[in-house]
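In the text below, chain A, chain B and the rest are named by the order of the sequence lines, each starting its count at 1.
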Number of protein chains: 2
Amino acid sequence: EKLIIDGITLDESQAMVTLVGLSDIPGLAAQTFDELAEAGIVVDMIVQSIGRDNRADISLTIKREDLKKTLQVAEELARGLNCPPPTHNSQVAKLSVFGTGIKSYSGVASRMFKALSAAEINLDLIGTSEVRVNVVVDGKQGAKALEVLKQEFADALV
Amino acid sequence: EKLIIDGITLDESQAMVTLVGLSDIPGLAAQTFDELAEAGIVVDMIVQSIGRDNRADISLTIKREDLKKTLQVAEELARGLNCPPPTHNSQVAKLSVFGTGIKSYSGVASRMFKALSAAEINLDLIGTSEVRVNVVVDGKQGAKALEVLKQEFADALV
Ligand SMILES: C[C@@H](O)[C@H](N)C(=O)O
Ligand SMILES: C[C@@H](O)[C@H](N)C(=O)O
């Protein structure tokens with residue numbers, strides 16, 4: 001079966017903030033996003049993998065112009081919850097490969113990761129949904145990553 | 001503006017495996033998913049948040065019948081890469097709130113997390129895309145989580 005994808009995009013308008021070492025108990029994510037929503041911050045990607053030693057990190061991406069406000073909210077939360085200070089990267093690049101063809105094809109993520117790794121590009125965040133694989137890399141490698149993925153999936157682009 | 005969502009789903013057919021402490025250098029994700037694709041394993045969610053101390057965890061969900069095969073691949077990888085053994089949960093519940101209305105409404109995640117936390121349900125994994133918020137909770141709480149979300153978003157369901 002031939003893979004068909006709808007597109008590949010690069011978004012260089014975002015920054016990333018990570019809340020580090022949140023207690024892995026009900027309510028911490030709710031409090032975090034409640035305070036961000038109250039501050040009027042629109043969050044794009046939210047990524048949390050499984051906690052370790054009862055602590056979990058939540059990474060999120062926002063528009064770069066919201067970075068200062070987001071850090072203020074995150075730092076206040078961390079102080080109140082006795083967590084380490086949040087970390088951030090003020091310039092990230094989000095690459096997306098998307099299309100309904102991804103649903104029935106298990107090799108898209110593997111091809112995407114392989115192509116980026118061959119170009120020595122490190123994956124900072126990964127998030128997938130049924131029809132989309134999103135990765136975040138350092139902002140300086142966005143254009144190169146897009147080029148690499150366009151070549152890798154040239155045969156699959158409609 | 002009124003939020004409109006297309007639906008809320010519960011998927012109780014999956015298990016979760018986490019590769020722990022992968023070196024945060026290019027190539028590790030590629031190797032992991034290459035070996036999973038070679039073993040014919042179709043991965044649903046892939047979630048990796050930012051690494052710490054140059055190590056990152058990658059959580060993934062698969063069909064429960066693929067758990068044994070996936071753990072074999074993951075354990076072999078961990079041995080070869082000198083990582084701690086992978087962890088898993090053989091019965092997880094994936095809850096999704098989705099719809100194009102989510103794009104322009106920043107409070108969906110916050111409402112979702114708040115409703116689940118009020119019901120004492122812990123979030124194990126979080127992954128979002130432009131039009132969908134996915135969370136993974138323990139398999140025993142799937143039905144309750146679905147109920148809670150249907151109530152929370154009753155006014156937004158078309
Ligand atoms: C870490 C955070 O997501 C926590 N597990 C919660 O449910 O809120
Ligand atoms: C941890 C893993 O994702 C690594 N950063 C890589 O690029 O492969």
Side-chain angles (χ1 to χ4, degrees), chain A residues 16 18 20 24-38 40-52 56-59 87 89 96 98 104 106-107 109-136, chain B residues 16 18 20 24-38 40-52 56-59 87 89 96 98 104 106-107 109-136:
Chain A
M16 176 167 69
T18 301
V20 178
D24 198 5
I25 56 174
L28 275 297
Q31 189 181 348
T32 302
F33 288 91
D34 192 36
E35 298 197 12
L36 289 167
E38 243 170 67
I41 295 165
V42 179
V43 176
D44 181 32
M45 283 177 81
I46 305 172
V47 173
Q48 176 205 321
S49 19
I50 194 91
R52 281 210 270 163
D57 302 341
I58 298 181
S59 296
T87 64
N89 180 343
S96 303
F98 59 94
S104 50
S106 71
S110 152
R111 278 177 64 183
M112 193 175 172
F113 300 164
K114 238 177 173 172
L116 292 171
S117 102
E120 288 295 314
I121 295 172
N122 196 47
L123 312 179
D124 287 338
L125 276 190
I126 304 171
T128 63
S129 78
E130 290 55 26
V131 290
R132 176 184 283 270
V133 183
N134 291 329
V135 296
V136 169
Chain B
M16 175 168 70
T18 300
V20 180
D24 199 4
I25 56 172
L28 274 296
Q31 187 179 349
T32 302
F33 288 91
D34 191 37
E35 298 197 11
L36 289 168
E38 242 170 66
I41 294 162
V42 179
V43 176
D44 180 32
M45 284 177 81
I46 305 172
V47 173
Q48 177 204 319
S49 24
I50 192 86
R52 279 210 268 164
D57 302 342
I58 297 181
S59 297
T87 64
N89 181 339
S96 302
F98 59 96
S104 51
S106 72
S110 155
R111 279 177 65 182
M112 193 175 171
F113 300 164
K114 235 177 177 171
L116 293 171
S117 105
E120 289 294 319
I121 295 173
N122 196 48
L123 311 179
D124 288 337
L125 278 190
I126 304 171
T128 63
S129 77
E130 291 53 27
V131 291
R132 173 185 287 267
V133 182
N134 290 329
V135 296
V136 169

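- Highest contact tally toward chain B, considering only A/Ser129, A/Ser96, A/Gly51, is held by A/Ser129 [criterion: heavy-atom pairs under 4.5 Å].
- Minimum heavy-atom separation, B/Ile50 to A/Thr18: CG2-OG1, 3.2 Å.
- Ranked by heavy-atom pairs under 4.5 Å with chain A, the list B/Val133, B/Leu125, B/Ile46 is led by B/Ile46.
- Here OG1 of A/Thr128 is found 12.0 Å from CD of B/Gln48. Values are rounded to the nearest 0.5 Å.
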Side chains of residues 28-35 of chain A: which donor-acceptor partners sit under 3.5 Å, not counting sequence neighbours?
from    : atom 1 : to       : atom 2 : distance (Å)
A/Thr32 : OG1    : A/Leu28  : O      : 2.8
A/Asp34 : OD1    : B/Lys114 : NZ     : 3.0

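- The minimum heavy-atom distance linking A/Ser49 with B/Asp57 is given by the pair OG-O, 3.8 Å.
- Heavy atoms closer than 4.5 Å to chain A are found in the backbone of B/Ile121, but not in its side chain.
- B/Val20 touches chain A through its side chain: at least one heavy atom from C-beta onward sits under 4.5 Å away, while N, CA, C and O do not.
- Comparing B/Arg52, B/Met45, B/Met112, B/Glu38 by how many heavy-atom pairs each has under 4.5 Å with chain A, the most go to B/Arg52.
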Carefully, step by step, assess B/Glu130 and A/Arg132 under the rule side-chain contact (heavy atoms from CB on, under 4.5 Å).
CA-CA 10 Å; B/Glu130 291 53 27; A/Arg132 176 184 283 270; 3.3 Å; yes
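- For B/Met16, the part lying under 4.5 angstrom from a heavy atom of chain A is the side chain only.
- Listed by chain and number, the residues in a side chain to side chain contact (heavy atoms under 4.5 Å, CB included) with B/Asn122 are A/Asp24, A/Pro26, B/Asp124 (sequence neighbours excluded).
- Only the side chain of A/Asn134 comes within contact range of chain B, with heavy atoms under 4.5 Å apart.
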